[in-house]
Amino acid sequence: PEEETNFKVPEKKSLQEMMEADKEDDAMKRYKEALLGNVSQVIFFESDPRVVIPKSIALIVSDRPNVLVELTAANANEKKGFVIKEGCEYQIEFQFYVQREIVQGLKYQQGVYRKGIRVDHSTQMLGSYGPKAEPATY
């Protein structure tokens with residue numbers, strides 16, 4: 001099921017526009033630096049035009065080892081998926097890079113298939129993230 005949320009993505013502004021706004025307010029300047037870190041470098045993968053770059057997805061189940069699927073460009077065309085027993089409780093952990101701009105309202109969509117037929121679909125709000133050299137984890 002899709003998670004109900006009243007979140008409305010604000011008007012898109014570039015990272016530079018956000019940093020320039022309220023530039024004379026020292027408290028706001030410190031707040032932005034704490035939230036965004038060093039924004040002088042916001043492009044970490046020059047040849048990749050994407051803003052969000054998936055790194056990996058991990059399936060975490062309490063009674064077995066984690067299953068990690070790397071989502072790098074080298075294996076981008078491989079079919080990826082998990083086989084999960086019905087009724088099993090699990091968590092999914094995402095790692096991804098954000099570059100170029102702030103990502104607002106990032107969502108994850110998941111489809112569950114049984115014998116090739118979609119039996120469930122859900123959407124999860126992951127949040128908003130600023131550019132960072134190290135991967136974000138959700």
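- Hydrophobic clustering (side-chain heavy atoms under 4.5 Å, transitive across Ile, Leu, Val, Met, Phe, Trp, Tyr) keeps Leu68 apart from Leu71.
- What you find for Lys55 and Glu70 is that their closest heavy atoms are O-OE1, 3.4 Å.
- Between Gln104 and Tyr129, the side chains place no donor N or O within less than 3.5 Å of an acceptor N or O (distance only, hydrogens not considered).
- Rounded to the nearest 0.5 angstrom, Arg50 CZ and Phe96 CZ are separated by 13.0 Å.
- Between Ala133 and Phe44, the shortest heavy-atom distance links the atoms N-CZ, 3.4 Å.
- For Thr137 (side chain) and Gln95 (main-chain N/O), no donor-acceptor pair under 3.5 Å exists by modelled atom type.
- One N or O on the side chain of Gln99 and one on the backbone of Phe45 form a donor-acceptor pair closer than 3.5 Å.
- We find the OG1-NZ distance between Thr123 and Lys107 to be 6.5 Å, quoted to the nearest 0.5 Å.
- Among all heavy-atom pairs drawn from Gly105 and Ser128, the shortest one is N-OG, 3.2 Å.
- For the pair Leu59/Arg64, a side-chain contact is recorded, criterion being any heavy-atom separation below 4.5 Å from C-beta on.
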Using a 3.5 Å cut-off and no angle test, enumerate the donor-acceptor pairs between side-chain atoms of residues 110-117 and protein atoms at least two apart in sequence or in another chain.
{"residue": "Gln110", "atom": "OE1", "partner": "Tyr108", "partner atom": "OH", "Å": "3.2"}
{"residue": "Gln110", "atom": "NE2", "partner": "Tyr90", "partner atom": "OH", "Å": "3.1"}

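- For Glu93 against Ile60, the heavy-atom pair with the smallest separation is CB-CD1, 3.9 Å.
- When the side-chain hydrogen bond (donor to acceptor under 3.5 Å, both in side chains) test is applied to Ser56, no partner is found at least two apart in sequence or on another chain.
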